[in-house]
Amino acid sequence: MNALVVLIVALPLSVEVLGALFGLRDGWADTASKASALERLATPLLCWGGLWWLAGIDMWRVMLAALVVVLILHVATYYAGRVLISRPRFQTHAIDTDSDDDPFQKKSPGDNWD
Amino acid sequence: MSHIIGLSAAARLSVAEVGGKAATLGALAAQHRVPDGFVIVTQAFREHFQKNGVNLGDSITGDPGEMPDAAALSRLRALTIDPEVSRDIQTAYTALPTIDGRSKVCVVRSSAVGEDGAVASFAGQHATYYYVESSELERRVIDCWLSVWSAEVRSYRRHMGITDPVRMAVIVQLMVPAEVSGVTFTKDPTGRHRDAMAIESCWGLGAALVDGRVTPDSYIVRRGSHEVITRRLGSKRFKIAEDLLDPVGARLQPVPRHLQRIASLNDTQVQQVAVLAAACEAAQGAPQDVEWAYANGTLYLLQSRPISASARAPKSPSGRWIAFKPILENFTEALTPLTVDTMRRVLPGFGQFIDGRYYLDFDGLRNMIPLTVSDAELAELALLKSERSDYSIKWTRLTIVVGGLLIAYLGTGLLWVRSRHLPFEKLADFRGRCAAVLADPKLDVVASLRTLLLGPNPFAAASQFPFQVNVSAARYFLLLAALRWYLRRFAPTFDLSQVAPLCAGTHDMLSTRLIDDLRDAALVAEHTPAIRQLLQSDRLEELPNQLAVHPAAGPFVAAFESFIASYGHRGTREIELAAPRWQEDPTPLFVMIRNLLREGFTQPPSAQAKIRKAQAQSSLDAALQGRLKRAVARRLARRIQYYAALRENTRHYTMLALTTVRTKILALEQQLLGQGLLKCAEDIFYLTWDEIGELQTAPSDGPRLQQLIRRRRLTHMRRNRSDPPLTINVDYRPPRHAAGVLIGQCASPGIVEGTVRLVLDPATDGEIKAGEILVAPYTDPAWTPLFLGAAAVVVETGSYLSHAGTIARELGIPCLVDVTGVMSLLRNGQRLCVDATQGRAFLLAEADGPGDAAL
């Protein structure tokens with residue numbers, strides 16, 4: 001099977017596998033949660049293994065690359081988000097349509113008690 | 001008494017002698033009840049300053065006169081009034097009668113020549129002094145005179161190109177011990193209502209309006225008939241005391257909680273005020289700005305002057321914008337400047353805060369939506385109003401969008417996958433993170449919020465990302481659409497209104513558990529007569545102190561503290577950092593507990609929902625053929641249930657992050673108050689972080705920033721009085737209501753009749769009787785206990801996804817959301833039939849109120 005096709009299929013599968021593994025960690029402290037997280041790991045792991053079996057054993061580099069790419073993207077997205085939000089250029093802007101109003105203008109009842 | 005004349009005699013003199021305000025007031029005093037007073041004519045002003053070497057100019061020769069500098073003003077301030085004038089003032093003061101036998105306390109106000117013209121108005125710039133007693137009368141007259149050369153007035157004269165020499169008379173008038181005061185504009189200054197007057201009122205003296213600390217009640221009244229078109233009650237948390245017996249006492253006083261959200265004027269009084277304003281306008285021959293007050297049931301006219309200029313429409317921002325509905329449906333008020341400045345620094349620039357509200361870029365949205373839609377249709381979609389599904393798809397754009405989503409999925413998918421089965425109890429771990437951030441002095445407020453919302457590191461447990469999980473949980477809307485499509489396709493006989501009960505009944509939802517826990521506390525109170533007695537008090541704000549010393553309070557205090565430990569970080573308007581939380585002010589909870597005890601809501605609330613859910617499941621089983629098809633539908637319903645609960649629960653912890661940063665802001669505020677850099681509590685929320693930095697590094701900027709705070713308070717108050725525009729520069733109009741029929745969206749199906757109960761804020765108005773229909777501007781979890789007794793819920797904003805819909809579905813009560821203008825259109829006590837299934841509500845009562853007429 002073409003390596004590119006394998007990679008394209010393996011990428012979302014890797015998200016599922018790694019997500020299920022992280023889910024196992026999220027539920028680790030509680031026995032029932034851990035058990036159900038382990039159960040949920042079975043399906044993506046089976047699919048991932050099935051794809052590897054279909055692709056052939058020599059595709060291990062591609063399969064591994066898919067996992068690594070997903071992990072790198074996950075980390076990169078997190079830090080990119082942090083860095084971007086710290087830059088004023090990428091932050092949300094706030095505008096005030098009254099900011100340069102004539103300060104002496106009577107705007108509404110109650111503005112003019114004197 | 002050549003320098004002093006009685007107020008009623010002022011009409012006989014020229015404006016050059018007594019100023020426009022006194023001349024007008026004198027004329028009106030002949031026809032209306034105006035507080036007694038006298039006028040110190042302009043001649044006294046002229047003689048006083050000319051004698052002390054000030055060139056006052058001459059209008060005939062065109063000499064504008066001098067503008068004394070700060071040193072000269074300081075010298076002039078130290079002068080005393082000519083003995084003859086002083087004697088005249090004291091004589092006139094002594095001759096004033098008393099009002100209702102109270103001590104004579106006066107207001108000293110300017111009446112400058114040209115002060116209230118149709119072109120220029122010096123409103124708010126010349127001085128006014130309240131609570132002036134005889135001993136300080138002369139000092140205040142001099143201060144009033146000197147205000148013609150204040151920096152503000154000089155700036156205004158320069159700005160308006162006014163070069164006339166200054167002349168000022170001074171009005172000394174008895175202060176009215178006003179229970180209610182207000183302002184009437186005989187022409188709606190916002191320009192939204194043609195042929196209408198605008199009335200605003202508050203408790204106590206009307207000067208509270210100017211400070212922006214009181215959001216007044218506002219009424220729009222039709223000219224001629226004086227019929228009330230809309231009324232909007234404000235949160236009148238403070239008042240300027242009407243008690244004149246203690247003129248040096250604290251002016252700004254808290255309003256008792258039970259008065260904060262009730263109308264300060266009854267219908268008759270609104271009519272009387274409108275009649276008075278109309279008479280003033282007729283007498284003056286131009287639209288007027290009329291100030292008035294009620295004292296001991298008597299209406300007093302305080303002032304009437306021409307409206308100098310209709311308020312300009314605010315500048316429209318460039319670009320096209322649409323309100324971000326998920327925020328709007330939880331909080332329709334404008335955010336304070338500090339909240340905006342904090343939020344904008346932690347949110348990526350997908351949208352923009354405009355006047356305190358968050359908007360999305362409409363054209364950016366258009367580029368992302370792979371559908372062929374008009375502007376109006378796109379607006380309907382973005383505002384979650386559309387139920388259509390027959391839009392034609394732009395396939396090229398769809399491919400691009402799907403590709404983009406797949407790439408995003410690779411970067412964010414791990415959290416997406418993890419949130420599919422998150423153990424809810426693990427979310428509580430976030431409390432530890434918040435405590436750590438709170439204790440870390442190196443993290444400022446913005447950095448604290450950033451780290452709490454973004455998580456500590458990419459490999460942290462999912463419980464550390466409540467905000468992101470909350471966003472991802474919104475996918476249940478897609479699942480809901482999928483379930484509806486599936487049922488239409490495979491179970492055409494199934495009533496789709498049954499989808500809501502089918503997907504309800506989540507036991508792990510913290511918002512519904514909140515009701516159970518509050519009910520538990522109420523049950524403890526029910527079994528302790530002494531606590532029941534204490535809860536009946538009108539001063540529930542004193543209850544914590546009473547409970548602390550009461551010997552029988554132990555079990556109730558324990559139950560209540562347990563509730564606060566879980567939910568204390570919540571409260572009304574919780575997106576707003578300036579809003580107090582229950583742990584700071586638990587009074588709203590006491591009101592809700594009292595309500596539970598009074599109305600006997602001691603049965604589990606979800607029993608009815610369970611019955612409806614069972615019925616819906618039976619209908620589904622009957623309508624769907626085949627076990628597989630039934631299993632698919634049930635699976636989808638369970639997933640929707642899970643994500644609805646996940647959304648509410650992660651929101652619970654996202655609010656904990658906001659409460660954590662609020663705690664940090666309050667600590668900073670205490671520091672600034674202690675250093676004297678801020679004057680009042682809550683002022684900090686009207687500054688931005690840059691301005692707070694300036695305040696700390698350059699305290700000399702304090703006075704300028706104080707002015708800024710005052711102006712922003714007023715602007716904030718004004719914005720909260722009006723409904724937020726849903727779109728900006730987009731041609732879209734929301735659907736209009738037909739006569740007697742309110743149009744909205746169904747968030748929880750059902751038909752019920754009941755009595756309208758308008759609630760603006762459960763923090764001040766949290767009591768509802770069994771069977772009443774709760775009508776609210778928006779809802780958040782702090783409203784949840786009110787749902788318990790409501791027969792149905794009608795909300796001005798919201799969508800199927802909103803809190804109101806989620807909780808109503810859990811409780812099995814009808815809920816109609818997104819009913820534009822409902823708070824202004826309905827009135828307490830009207831009978832309403834809510835047919836939420838059809839997205840309609842019908843007025844049943846005879847058309848006896850303004851709400852009916854407006855509908």
Side-chain angles (χ1 to χ4, degrees), chain A residues 8 11-12 14-23 25-30 32-34 36-37 40 44 69-82 84-86 88-114, chain B residues 109-110 121 123-126 128 156 159 183-185 189-190 198 200 206-207 209-210 216 289 291 307-309 311-312 314-317 340-341 343-349 351-355 409-414 416-418 421-423 426 450 454 458 461-463 711 714-715 718:
Chain A
I8 288 171
L11 280 170
S14 298
V15 172
E16 296 294 324
V17 170
L18 289 170
L21 279 169
F22 273 103
R25 187 233 159 139
D26 291 335
W28 193 257
D30 176 62
S33 300
K34 187 161 58 180
S36 49
R40 284 192 298 274
V69 164
V70 168
L71 269 179
I72 288 173
L73 280 173
H74 175 70
V75 175
T77 304
Y78 173 84
Y79 285 108
R82 266 189 108 85
L84 280 179
I85 285 175
S86 330
R89 192 179 151 200
F90 296 103
Q91 289 170 350
T92 300
H93 293 279
I95 63 163
D96 191 331
T97 57
D98 287 295
S99 60
D100 59 351
D101 251 3
D102 176 0
F104 306 113
Q105 175 100 32
K106 279 196 282 187
K107 296 189 186 78
S108 69
D111 286 6
N112 55 353
W113 274 83
D114 69 333
Chain B
R109 60 197 344 184
S110 65
S121 169
Q125 295 156 50
H126 292 150
T128 295
Y156 184 61
H159 179 81
V183 183
T184 303
F185 270 38
T190 66
E200 305 216 325
L209 296 175
V210 77
D289 156 10
E291 294 170 14
I307 298 173
S308 62
R312 282 184 310 192
K315 273 189 315 164
S316 185
V340 168
D341 200 39
M343 298 286 187
R344 73 167 198 86
R345 289 167 190 256
V346 299
L347 293 175
Q352 184 162 264
F353 283 99
I354 301 174
D355 293 343
Y409 176 69
L410 295 180
T412 60
L414 294 194
W416 181 274
V417 173
R418 291 158 79 185
H421 300 277
L422 201 56
K426 287 293 290 176
R450 196 172 284 153
L454 292 184
S463 59
R711 222 168 68 207
L714 285 169
T715 305
R718 181 165 49 85

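Letters A, B, ... mirror the listed sequences (proteins, then strands); counts begin at 1.
The shortest heavy-atom contact between A/Pro12 and B/Leu410 is N-CD2, 4.2 Å. Shown here for B/Ala462 and B/Leu422, the closest heavy-atom pair between the two residues is CB-CD1, 3.4 Å. Nearest heavy atoms, A/Thr97 versus B/Pro317: CG2-CD, 3.9 Å.
With chain A as partner, the option from B/Ser463, B/Pro348, B/Gly413 having the largest number of non-hydrogen pairs under 4.5 angstrom is B/Pro348. In terms of heavy-atom pairs under 4.5 Å with chain B, the best-connected choice from A/Thr77, A/Ile85, A/Leu71 is A/Ile85. For the options A/Ala94, A/Gly23, A/Gly81, heavy-atom pairs under 4.5 Å to chain B are most numerous at A/Ala94.
Residue contact with chain B, scored on non-hydrogen atoms closer than 4.5 Å, involves the side chain of A/Arg25 exclusively. In this structure, the portions of A/Ser86 lying under 4.5 Å from any heavy atom of chain B include both its backbone and its side chain. In this structure, chain B has no heavy atom under 4.5 Å from any part of A/Arg89. For A/Leu18, the parts sitting under 4.5 Å from any heavy atom of chain B are the backbone and the side chain alike. Contact of A/Ala32 with chain B is not made at all, since no heavy-atom distance falls under 4.5 Å. For a residue to count as touching a neighbouring chain, one of its non-hydrogen atoms must lie under 4.5 Å from one of that chain's; by this rule A/Phe90 touches chain B with the backbone only.
Judged by distance alone, the side chain of B/Arg344 and the main-chain N or O of A/Thr92 form a donor-acceptor pair under 3.5 Å.
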Inset, instruction - Decide yes or no on side chain to side chain contact (heavy atoms under 4.5 Å, CB included) for A/Ile95 and B/Gln352, but give the supporting numbers first. - result: CA-CA 8 Å; A/Ile95 63 163; B/Gln352 184 162 264; 3.7 Å; yes

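To the nearest 0.5 Å, the span separating CZ on B/Arg450 from CG on B/Leu347 amounts to 10.5 Å.
Test A/Val17, A/Val70, A/Leu73 against B/Leu414 for side-chain contact (heavy atoms from CB on, under 4.5 Å) and you get one pass: A/Val70.
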